[in-house]
Amino acid sequence: MTAPLPPSFAQRLLAWFDVSGRHDLPWQHPRTPYRVWLSEIMLQQTQVKTAAPYFERFVQRLPTLRDLALAPLDDVLALWSGLGYYARARNLHAAARRCLEQHGGELPRDIDALTALPGIGRSTAAAIVSQAWNDRFAILDGNVKRVLSRYHGVDGWPGLPAVEKRLWSLADQHAADPLLPDSRLADYTQAQMDLGATLCTRSDPACVLCPLQDDCVARREGRVAELPTPKPGKAPPQKYAHVVWAEDGEGRILLQRRPPTGIWASLWTLPQAEDEALAMAWFERHLAGNRAAREVLPCIDHAFSHYKLQLQPLRWRDASLRDRIGDNDDLRWVAREELGTLGIPAPIRKLLEADQLLNRNTGP
DNA sequence: AACGCGGGGTG
DNA sequence: CACCCAGCGTT
């Protein structure tokens, strides 16, 4: 069971809408089922400013559902040209023809019959019946997802099924508010979209003007900029490398300073090679000791913002630098006690210090 | 569950 | 340039 919602969500939204909502959108005058339907289709993934001129031209050329159904598809596509997502136009045309055949030339008022028409999903069907007939159905478009994510502090990308389910549940609860009058479902639907489009915008929302600011969870917790959770980016590429862990007879570790730019710039780390062969070659080039006497340690996984790195440590004990390559500024033996005084990448430090801990606990 | 569709706006 | 926008249908 969830706690009862503040009963004033819809009321405050409506009071705000009466004063500050958008009342002059082309499809509001007159607000007929056909015009509402057409506007909702045009506004799928398309902003009002972009769609408005297309809407005006479309209804001037095809003023009724019957005109649309009887028009050649090519005419409809021509009116759509430049709007994008042309499947919307094909679906619109097909749906109009089906209305002519199956629904007496009218758009059905039944939500399931609407959803069965091509191009009309759950949210669009709800937007149509609520705006055209004041029927009590919740919408959940991008605007409402953003408003509800912030207002209720819902974490997670709204595209995730579990998150979307939660948002639908919240939208349904608000629409069921008994303080939301039967006569005002059209305005309530429009008010949510107006709030999302004009105040509760994706970036830099105008919270000080928002009618919901007093009990908005994101506002209270300072998480307005973090919600809704952005769509996860493409999986970062996985990269691999080997690191050479060489110790001398006294247990000191050979560390190398990274170049001044790039990842881990100027930090001290284990010498790194792109693959096993290059790691072996690095050992051969710089170190004297039994090349074959290496330990293959468990891999280390580390995530950067733009890629993931898996490191394969190879360890040699009792190694020494070849005579002709002595200590220099970028390569040095470091005693375990010194590790704390150097800048070392977290995963490398963890690797080295885990070993130190192990030696202390189980060593002779 | 993931993807394609698309032109336009935005940081 | 990458990402997002009054989503939906397909795979």
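Each chain gets a letter, A, B and so on, in the order the sequences are listed, and its residues count up from 1.
- Within 4.0 Å (heavy atoms only), A/Gln131 reaches no atom of the nucleic acid at all.
- Side-chain proximity of A/Asn91 to C/dG7, B/dA1, C/dG9: nearest is C/dG9.
- By the 4.5 Å side-chain criterion applied to Ile, Leu, Val, Met, Phe, Trp and Tyr, A/Leu100 is assigned to a cluster that also includes A/Leu70.
- One can place CG of A/Leu38 at 15 Å from P of C/dG7, the figure rounded to the nearest angstrom.
- Remark: A/Glu164 engages A/Lys145 in a salt bridge (Lys or Arg N to Asp or Glu O under 4.0 Å) (not counting sequence neighbours).
- If you take CG of A/Leu167 and C1' of C/dG7, they are 15 Å apart, rounded to a whole angstrom.
- In the hydrophobic clustering (ILVMFWY side chains linked at under 4.5 Å, chained through shared members), A/Val217 stands by itself.
- Among the protein residues, A/Trp27 comes within range of the nucleic acid bases, having at least one heavy atom under 4.0 Å from a base atom.
- Atom CH2 of A/Trp37 is separated from atom P of C/dG7 by 18 Å (rounded to the nearest Å).
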Short N/O separations, protein against nucleotides 5-7 of chain B, under 3.5 angstrom:
{"residue": "B/dC5", "atom": "N3", "partner": "A/Tyr85", "partner atom": "OH", "Å": "3.3"}
{"residue": "B/dG6", "atom": "OP1", "partner": "A/Tyr86", "partner atom": "N", "Å": "2.7"}
{"residue": "B/dG6", "atom": "O5'", "partner": "A/Tyr85", "partner atom": "N", "Å": "3.2"}
{"residue": "B/dG6", "atom": "O4'", "partner": "A/Tyr85", "partner atom": "N", "Å": "3.4"}
{"residue": "B/dG6", "atom": "N7", "partner": "A/Tyr85", "partner atom": "OH", "Å": "2.5"}
{"residue": "B/dG6", "atom": "O6", "partner": "A/Tyr85", "partner atom": "OH", "Å": "2.1"}
{"residue": "B/dG6", "atom": "N1", "partner": "A/Gln45", "partner atom": "O", "Å": "3.1"}
{"residue": "B/dG6", "atom": "N2", "partner": "A/Gln45", "partner atom": "O", "Å": "3.1"}
{"residue": "B/dG6", "atom": "N2", "partner": "A/Thr46", "partner atom": "OG1", "Å": "3.3"}

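- When the options A/Arg317, A/Arg252, A/Arg336 are evaluated for a side-chain hydrogen bond (donor to acceptor under 3.5 Å, both in side chains) with A/Glu247, the one that passes is A/Arg336.
- Remark: C1' of C/dG7 and CH2 of A/Trp168 are 11 Å apart, rounded to the nearest angstrom.
- Atom CD of A/Glu164 is separated from atom P of B/dA1 by 11 Å (rounded to the nearest Å).
- The interatomic distance linking A/Arg202 (CZ) with B/dG11 (P) rounds to 8 Å, in whole Å.
- Judged by a 6.0 Å distance limit and a 45° cone about the ring axis, A/Arg122 is positioned over the six-membered ring of A/Trp168.
- Because its NZ or CZ atom is both nearer than 6.0 Å to the ring centre of A/Trp245 and within 45° of the ring axis, A/Arg315 counts as a cation-pi partner of that residue.
- With no hydrogens or angles considered, no side-chain donor-acceptor pair links A/Thr115 and A/Asp112 at under 3.5 Å.
- Atom P of B/dG6 sits at a distance of 14 Å from the matching atom of C/dT10, rounded to the whole Å.
- Within a heavy-atom distance below 4.0 Å of DNA chain C, the residues of residues 135-147 of chain A found are A/Asp141, A/Gly142, A/Asn143, A/Arg146.
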Which atom pairs, one a donor and one an acceptor, fall under 3.5 Å between side chains of residues 196-204 of chain A and the rest of the protein, sequence neighbours left out?
{"residue": "A/Thr198", "atom": "OG1", "partner": "A/Asp194", "partner atom": "O", "Å": "2.7"}
{"residue": "A/Thr201", "atom": "OG1", "partner": "A/Ser203", "partner atom": "O", "Å": "3.0"}

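- For the pair A/Glu40 and A/Gly119, both in contact range of DNA chain C, the more 5′-proximal nearest nucleotide belongs to A/Glu40.
- Using P as the reference atom, C/dC4 and B/dA2 are 16 Å apart when rounded to the nearest Å.
- Two rings, from A/Phe17 and A/His23, have their centers less than 6.0 Å apart.
- Nucleotide C/dC4 holds its P atom 8 Å from the NZ atom of A/Lys231, rounded to whole Å.
- The separation of B/dC3 from C/dC3, taken at their P atoms, amounts to 14 Å, rounded to a whole angstrom.
- A/Glu40 and A/Gln131 share a side-chain donor-acceptor pair at under 3.5 Å.
- Ranked by how close their nearest DNA chain C nucleotide is to the 5' end, A/Arg22 and A/Ile120 are led by A/Arg22.
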